[in-house]
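The block underneath contains the structure these notes are about, expressed in structure tokens.
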Number of protein chains: 2
Amino acid sequence: MSNEEKSIITERNLGKSLEDYIEAVYDLHKEQGQARISDISSRLGMAKPSVNAAIKRLSALGLVTHERYGDVDLTPDGVRLAANVRHKHNVLLDFLVRLIGVDPDIAENEACSIEHSLCDDTMTKLEAFISKYDNH
Amino acid sequence: MSNEEKSIITERNLGKSLEDYIEAVYDLHKEQGQARISDISSRLGMAKPSVNAAIKRLSALGLVTHERYGDVDLTPDGVRLAANVRHKHNVLLDFLVRLIGVDPDIAENEACSIEHSLCDDTMTKLEAFISKYDNH
DNA sequence: TTTGCATGTTAGTCAATGCTAAAATTTTTT
DNA sequence: AAAAAATTTTAGCATTGACTAACATGCAAA
């Protein structure tokens with residue numbers, strides 16, 4: 001598989017908004033086995049019609065499935081993308097909190113903003129830096 | 001001056017878009033003493049009417065002045081805000097390129113995305129981290 | 001000075017993304 | 001099973017921020 005092909009899934013095709021939604025679906029399924037519109041709505045603090053519209057967009061992109069009045073679930077492509085975003089979030093949070101000392105609540109928000117802007121390659125380099133730093 | 005008052009100027013009141021525009025005005029004035037709509041347009045790769053609309057927004061916020069068919073210039077508040085964004089950009093670029101080894105062209109783009117998401121306090125902490133790291 | 005090109009502005013459109021109010025459907029309770 | 005509550009969806013709207021096409025203005029060259 002070429003790098004271009006791989007990047008179709010994980011690199012920034014979605015904006016911040018859709019990435020936040022898909023990440024919430026991913027987290028909720030891990031935590032409670034399902035992700036209803038209301039769950040996503042309260043998790044992200046968005047009105048339910050906004051969530052509904054976003055899920056429709058994600059569904060059109062083949063990243064989630066959604067039966068009327070039913071559960072929202074990730075497709076395999078959706079899982080890959082969401083896991084990648086989640087991973088970036090975790091690495092950034094670790095860097096901000098542990099290495100440079102940002103308050104965890106602020107870091108949580110900032111990681112959430114930044115995670116959509118860094119490419120896979122940069123993230124890999126950041127992880128390598130953190131490892132090296134941890135081993136002095 | 002309270003922290004809240006100071007933050008009115010420098011903290012994230014503008015979105016990424018307007019911050020990019022004001023940063024371009026700041027840079028162009030430093031480089032060539034003026035920033036015309038066309039200069040900003042080619043610098044940012046935006047159509048001129050888009051620039052025009054953005055400058056109107058910045059003008060309504062009291063951050064730039066703009067005479068019809070004339071030069072765009074920063075107000076004192078605009079200078080403060082733009083210098084702050086520029087500074088964040090430079091710190092992030094340095095971190096990405098020198099500390100973690102990102103390609104300069106990619107780092108330039110990523111710094112440009114991230115600079116709008118990090119608060120002043122986090123930036124201060126990042127600068128402190130870089131200093132400490134440089135002095136081993 | 002007049003013509004023509006560069007620059008700036010206006011007008012109209014579009015996509016993304018959010019909202020509220022109200023209708024439809026499902027689930028729960030009695 | 002019927003009524004009530006919760007959930008989801010639809011419909012309609014607002015804002016941001018981008019675009020193109022067309023018009024207006026300013027400057028420079030002939």
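Just so you know, these numbers come straight off a predicted model, no measurement behind them. Below, read A as the first sequence line, B as the second, and so on, with proteins coming before strands; counting in each chain starts at 1.
- The CG atom of A:Leu99 lies 8.5 Å from the CG atom of A:Leu126; values are rounded to the nearest 0.5 Å.
- In this structure, CG of A:Asn52 is placed 15 Å from P of C:dT17, rounded to the nearest angstrom.
- The side chain of B:His66 places an N or O atom within less than 4.0 Å of a non-bridging phosphate oxygen (OP1 or OP2) of C:dT9.
- Atom-to-atom distance recorded for B:Asp103:CG and B:Leu96:CG is 11.0 Å, nearest 0.5 angstrom.
- Contact annotation: B:Ser38 reaches the phosphate of C:dG8 (side-chain N/O to OP1 or OP2, under 4.0 Å).
- Side-chain N/O atoms of A:His87 and A:Glu115 include no donor and acceptor closer than 3.5 Å.
- Rounded to an integer number of Å, the gap from CD1 of B:Ile37 to P of C:dT10 is 11 Å.
- Atom pair A:Asp39:CG and C:dT27:P shows a separation of 14 Å (rounding to whole Å applied).
- Residue B:Thr75 holds its OG1 atom at 10.0 Å from CG of B:Leu61, rounded to the nearest 0.5 Å.
- When rounded to the nearest whole Å, the span between CD of A:Glu19 and P of C:dT17 equals 11 Å.
- The listed nucleotides are C:dT10, D:dT10, C:dT17; the one nearest the side chain of A:Ser17 is C:dT17.
- Note on A:Met123: it does not cluster hydrophobically with B:Leu93, by side-chain heavy-atom contacts below 4.5 Å among ILVMFWY residues.
- You'll find that the side chain of A:Lys56 is closest to D:dT10, out of D:dT10, C:dT17, C:dT9.
- The residue from A:Lys16, A:Arg86, A:Lys88 that alone fulfils the salt bridge (charged side-chain N to carboxylate O under 4.0 Å, His left out) condition with A:Glu23 is A:Arg86.
- The distance from atom CD1 of B:Ile40 to atom P of C:dT9 is 10 Å, rounded to the nearest whole Å.
- For the pair B:Ser59 (side chain) and B:Ile55 (backbone), a donor-acceptor distance under 3.5 Å is absent.
- Residue A:Gln34 contributes atom CD, which lies 14 Å from atom C1' of D:dT8 at whole-angstrom precision.
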Between the protein and nucleotides 19-22 of chain C, are there any N/O to N/O pairs under 3.5 Å, and if so, what are the atom names and distances?
unit_1 : atom_1 : unit_2  : atom_2 : d
C:dC19 : OP2    : A:Ala47 : N      : 3.1
C:dC19 : OP2    : A:Ser50 : OG     : 2.2

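- Note: CG (B:Leu14) to P (D:dT16) measures 12 Å, nearest angstrom.
- Look at NZ on B:Lys16: it is 18 Å from P on C:dA16, rounded to the nearest Å.
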Could you pull out the protein-nucleic contacts involving nucleotides 24-29 of chain D (nitrogen or oxygen on both sides, under 3.5 Å)?
unit_1 : atom_1 : unit_2  : atom_2 : d
D:dT25 : O4'    : B:Tyr69 : OH     : 3.2

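- The environment of B:Gln32 atom CD is dense: over 12 non-hydrogen atoms of other residues, nucleotides or ligands sit within 6.0 angstrom.
- In this pair, B:Phe95 and A:Phe129 present their aromatic rings perpendicular. The plane angle is above 60°, beyond the 30 to 60° band.
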